[in-house]
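Keep in mind the model is a prediction, meaning the values are calculated, not measured.
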Amino acid sequence: MTDYPSVRLDKLFDHPTVMEAISDQNLELKDRLSYQPPVCEVFTHPCTILEPDPQYEFEIDKEARRQLFNIIGNPVQRVKEGDPSDEICSKNYTRPRNIGIVFSGGPAPGGHNVIAGLFDAAKKANPETRIFGFLTGPDGIIEGNYIELTAERVNQYRNLGGFTMIRTGRTKIDNAKKMALSRETCKQLDLNALVVVGGDDSNTNAAFLAQALYDDGIQVIGVPKTIDGDIQVSDANGKVLCAMSFGFHTAARAFSQSISNLCTDASSDVKYWHVCKVMGRVASHLALEVALQTHANMTLIGEDLADYVDYDRLRKAERDGVVDYTAYGMTLRHLSRVICDAVMDRAAVGKNYGVLVIPEGVLEFINEIQVFIIKLNTIIANYNKMHDRDFHTAMPHLADKLEYLRRLVRGIREDISYNIWNARDDELFNDIPEFFQEGLLTERDSHGNFQFSQVPTEKVLLELVKDYLGILKEKGIYKVGVEESLYIKIMEQGAMDPDRYGPILFKNWKQARYLMIRETIISKKTLRAALVKTGFLDNEGPIPLPILKIYEHSVPKFKTQTHFYGYDGRGGDPTRFDCIYTYNLGYTVFSLIANGATGQMAAILDLDQGFEHWRPIGIPIAPLMHLEERKGRLELVLEKSVVDIHSPAFLVVKAFRDKWLAARPGGDHYRHPSPIELFSIHEEDLPLTLLLNALGWEIAQQERGK
């Protein structure tokens with residue numbers, strides 16, 4: 001133990017080095033706080049105007065036209081340079097305003113810069129303008145809980161992650177009482193405008209607020225936020241208006257950095273499969289970006305699974321002269337087999353490790369799961385109606401419910417559901433792990449819906465994978481390949497002739513670099529039997545140690561480590577792309593407000609181009625909305641954008657699947673993304689999915705021009 005000399009604590013604590021070491025702000029953070037994002041060229045002018053862009057067309061839902069009649073006719077508006085000599089334009093742009101802003105839903109890196117951009121633009125136009133931040137989300141509007149945002153407070157959070165400045169919440173302003181309280185709060189503050197920063201549900205809320213507050217003269221502007229990347233807006237002809245919501249790039253980079261570290265760990269320790277679940281309940285954009293960033297050995301894309309067709313099953317049905325509708329859509333059983341194949345293929349070349357990436361909502365893309373939910377909901381409803389008692393009360397245990405389903409398969413006609421549940425349903429359902437069966441058969445929420453978010457997706461898949469690998473191991477199919485040079489070395493060290501024993505032990509002796517133990521050798525007992533049968537061992541003698549060592553090397557051990565990536569990415573400090581993007585979104589918001597817009601979503605065109613090509617716009621929210629079933633009833637909502645399996649980004653990942661799986665001798669192809677560094681010359685300009693999709697569009701245009 002070191003004997004430190006006594007020291008006066010006051011001198012120690014007052015020392016500059018100590019003060020710097022214990023400071024809340026490290027040097028990099030101080031630099032980040034001082035970073036000034038550039039603004040689009042149009043924002044360098046004294047004032048801006050809005051110009052309608054008639055090239056964009058929308059298919060308008062009748063219900064949206066009925067409910068949002070004040071804002072349904074909004075056009076796409078481009079932010080253009082204004083003429084400061086135009087007295088009316090200049091005076092309107094620079095008049096003092098009261099503007100409220102609220103964060104809604106989960107955090108996304110860059111939100112603070114939306115506030116900073118709005119604050120700077122508003123104060124630049126008129127220092128008398130006041131910005132109010134509603135605390136803890138929409139509840140702050142309903143309850144009148146807010147603070148005035150000052151330069152001092154805004155400066156504390158510039159370029160930082162999270163929504164800490166005013167915090168966030170998930171309350172929706174979705175009924176007359178909440179709307180009335182919100183209107184009262186806005187009137188008390190004499191607000192000219194309210195800004196809602198959020199995802200698809202929050203921007204839906206913004207549209208209804210814009211409609212409700214229209215006659216009060218209170219403008220409402222939305223800002224697209226979600227790390228899931230599922231807000232991507234195009235018009236009816238596929239023209240892109242919003243290529244990506246903010247926060248996606250940062251979250252994907254944060255996840256990729258961590259998953260890349262696991263790739264390194266896997267290839268170092270060579271004994272684990274790391275199973276990485278990334279956020280994305282409805283869409284797999286994050287998983288796709290992570291695949292491009294890391295080249296993980298296997299990445300599941302939910303939208304690709306939904307499009308799956310089992311051609312083997314179709315051919316069999318054709319031979320039998322029947323139509324097999326179950327051939328369309330991925331099943332859990334088949335998906336588990338796909339993962340097993342990948343694990344076995346890598347093990348065959350000595351790689352008993354790997355990294356698997358799955359999106360959080362992968363089960364939503366499994367056709368049989370959706371069918372199960374629909375059928376079970378119907379069966380439960382029929383039971384309650386026919387027997388005038390609650391299904392779950394009558395059968396409180398899983399075994400009772402499973403037996404009831406089996407009775408339906410046997411065609412017991414006393415129940416009207418006998419023709420809903422068939423033998424194939426029962427067979428597939430029995431493949432599902434018991435805890436998931438129980439989940440599918442538990443009581444639904446108040447709206448009769450099954451909640452996917454409560455299901456440990458990776459656990460459902462891994463149990464099926466482990467079970468099937470166990471079967472294949474017992475059959476002698478699942479083994480670890482033994483490199484020929486290692487085999488020879490071990491045998492020669494034991495003074496044994498490798499050429500003499502090779503044909504006895506391996507089914508591919510002298511045919512491959514990695515040797516596979518014969519399928520009949522599945523235990524030490526069967527190994528001994530093979531040696532005895534060929535006369536290389538008598539019944540009493542021990543198995544030679546070198547051969548035993550080779551055998552043990554071939555025995556696979558499927559060990560997994562599971563990881564979930566979500567909240568860590570939500571709270572990360574934004575990338576330079578997200579810093580600049582969100583700061584300019586804030587400026588765009590002010591231009592929309594200053595020019596009288598309402599019911600619009602702030603966006604930037606041409607995000608996939610260089611910054612000098614970015615063009616701020618306002619997108620009408622109401623024409624984007626359509627009827628969709630939510631909580632058991634039809635509601636007007638913004639449609640979530642899922643991965644387009646025909647997009648260049650997905651096609652690249654699909655084309656490189658085999659290479660990144662690396663189920664062949666040699667190294668892996670892991671990619672190591674750099675950490676998020678605001679000032680690095682190597683910092684990415686935009687997400688790789690945007691980069692590849694833009695390049696694909698450019699090449700397609702060039703081909704058309706030939």
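- In this structure, the side chains of H672 and Q257 stay at 4.5 Å or more apart for every pair of heavy atoms.
- The backbone N or O of H334 sits less than 3.5 Å from a side-chain atom of T331, completing a donor-acceptor pair.
- Counting heavy atoms from C-beta outward, R518 and L505 have side chains that stay 4.5 Å or more apart.
- Between L441 atom CG and F436 atom CZ the span is 10.5 Å, to the nearest 0.5 Å.
- For residues 251-263, the salt bridge (charged side-chain N to carboxylate O under 4.0 Å, His left out) pairs, not counting sequence neighbours, are R253-E683, R253-E684.
- D265 has its side chain out of reach of N261: every pair of non-hydrogen atoms, C-beta onward, lies at least 4.5 Å apart.
- The two residues A252 and V290 make their nearest non-hydrogen contact at O-CG2, 4.2 Å.
- Side-chain atoms of P359 and L286, non-hydrogen and from C-beta on, never get closer than 4.5 Å to each other.
- Annotation: salt bridge (charged side-chain N to carboxylate O under 4.0 Å, His left out) contacts involving residues 327-346, sequence neighbours excluded, comprise R333-E427, R333-D431, R346-D668.
- Screening I547, I550, L537 against L527 for a side chain to side chain contact (heavy atoms under 4.5 Å, CB included) leaves a single residue, I547.
- If you check the side chains of T562 and E458, you find no donor sitting under 3.5 Å from an acceptor.
- Between I380 atom CD1 and K375 atom NZ the span is 14.0 Å, to the nearest 0.5 Å.
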Exercise for the section: Could you give me the CA-CA distance, side-chain angles and deciding distance for Y501 and L531, then say whether side-chain contact (heavy atoms from CB on, under 4.5 Å) is met? Expected result: CA-CA 9 Å; Y501 288 89; L531 293 172; 4.3 Å; yes
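- Atoms CG and CD1, from N377 and I373 in turn, are 7.0 Å apart once rounded to the nearest 0.5 Å.
- Judged purely by atom type and a 3.5 angstrom limit, N508 uses its side chain to pair as donor or acceptor with the backbone of M516.
- The shortest distance between side-chain heavy atoms of N384 and R389 does not fall below 4.5 Å.
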Problem - Audit row: Y328, L314, side-chain contact (heavy atoms from CB on, under 4.5 Å) steps and yes/no - result: CA-CA 9 Å; Y328 299 93; L314 281 181; 3.7 Å; yes
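- Stacking of K473 on the aromatic ring of Y478 is not recorded, the 6.0 Å distance cut-off and the 45° axial limit not both being met.
- Judged as a salt bridge (charged side-chain N to carboxylate O under 4.0 Å, His left out), and not counting sequence neighbours, E318 has no contacts.
- Rounded to the nearest 0.5 angstrom, K277 NZ and L461 CG are separated by 10.0 Å.
- Electrostatic pairing of E483 and K351 does not count as a salt bridge here, judged by no charged N lying under 4.0 Å from a carboxylate O.
- Judged as a salt bridge (charged side-chain N to carboxylate O under 4.0 Å, His left out), the pairs with a partner in residues 494-503 (not counting sequence neighbours) are, in order, D499-K510.
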Handout entry: From CA spacing to verdict: salt bridge (charged side-chain N to carboxylate O under 4.0 Å, His left out), E463, K466
Key = CA-CA 5 Å; E463 287 210 9; K466 288 177 179 177; over 6 Å; no
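- Using a 4.0 Å cut-off between a side-chain N of Lys or Arg and a carboxylate O of Asp or Glu, D304 and K654 do not qualify as a salt bridge.
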Problem - Q437 vs N430, side-chain contact (heavy atoms from CB on, under 4.5 Å): CA-CA, chis, key distance, verdict - result: CA-CA 8 Å; Q437 289 178 338; N430 286 328; 3.9 Å; yes
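- Other residues, nucleotides and ligands contribute more than 12 heavy atoms inside 6.0 Å of the CD atom of E519.
- Checking side-chain atoms of D467 against main-chain N and O of L464 turns up no donor-acceptor pair under 3.5 Å.
- Using modelled atom types and a 3.5 Å distance limit, the side chains of Y353 and H274 yield no donor-acceptor pair.
- Side-chain atoms of E289 do not come within 3.5 Å of backbone N or O of P687 as any donor-acceptor pair.
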Exercise for the section: Show the numbers, then the answer: is there a side-chain contact (heavy atoms from CB on, under 4.5 Å) between V357 and Y565? Expected result: CA-CA 10 Å; V357 175; Y565 295 100; over 6 Å; no
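- Looking at H249, its side chain never comes within 3.5 Å of a backbone N or O of L688 through a donor-acceptor pair.
- Looking only at side-chain heavy atoms (C-beta outward), L408 and L405 come within less than 4.5 Å of each other.
- Residues satisfying the side chain to side chain contact (heavy atoms under 4.5 Å, CB included) test with A342, not counting sequence neighbours, are M298, L661.
- In this structure, the side chain of N693 engages the main chain of T689 through a donor-acceptor pair within 3.5 Å.
- In terms of the side chain to side chain donor-acceptor pair (under 3.5 Å) criterion, residue partners of S523 (sequence neighbours excluded) are, by chain and number, T526.
- Remark: side-chain polar atoms of N422 are paired, donor with acceptor, to backbone N or O of R424 under 3.5 angstrom.
- For R664, there are no side chain to side chain donor-acceptor pair (under 3.5 Å) partners, not counting sequence neighbours.
- Within the 4.5 Å cutoff, the side chain of L469 has heavy atoms near those of the V343 side chain.
- Distance check, rounded to the nearest 0.5 Å: OG of S641 to CG of D228 gives 11.5 Å.
- Rounded to the nearest 0.5 angstrom, L440 CG and L376 CG are separated by 6.5 Å.
- Put simply, the side chain of T250 never gets that close to the backbone of G247: no donor and acceptor are under 3.5 Å apart.
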Could you go through residues 644-653 and list every donor-acceptor pair under 3.5 Å that involves a side-chain atom there, pairing it with any protein atom two or more places apart or in another chain?
residue: D644; atom: OD1; partner: H646; partner atom: N; Å: 2.9
residue: S647; atom: OG; partner: D644; partner atom: O; Å: 2.7
residue: S647; atom: OG; partner: F650; partner atom: N; Å: 3.4

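- Residues E474 and I522 are not in side-chain contact: their nearest non-hydrogen atoms beyond the backbone lie 4.5 Å or more apart.
- The aromatic rings of F558 and W273 lie tilted to each other, with the angle between the two planes from 30° to 60°.
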List, one per line, each side-chain donor-acceptor pair under 3.5 Å for residues 484-496, sequence neighbours excluded.
residue: Y487; atom: OH; partner: P498; partner atom: O; Å: 2.8
residue: Y487; atom: OH; partner: G502; partner atom: N; Å: 3.1

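- For the side chain to side chain donor-acceptor pair (under 3.5 Å) test, residues two or more places apart in sequence or in another chain that qualify with Y670 are N297.
- In this structure, H669 has its ring center no closer than 6.0 Å to that of W660.
- With hydrogens and angles ignored, the 3.5 Å screen pairs a side-chain donor or acceptor of R671 with a backbone N or O of Q293.
- The aromatic rings of F391 and Y383 lie perpendicular to each other, with more than 60° between the two planes, well past the 30° mark.
- Under the 3.5 Å distance criterion, the side-chain polar atoms of E303 are left unmatched by any main-chain donor or acceptor of V642.
- Evaluation of the salt bridge (charged side-chain N to carboxylate O under 4.0 Å, His left out) test over residues 541-570, restricted to residues two or more places apart or in two chains, returns K524-E552.
- Applying the side chain to side chain donor-acceptor pair (under 3.5 Å) criterion to D312, with sequence neighbours excluded, gives R315.
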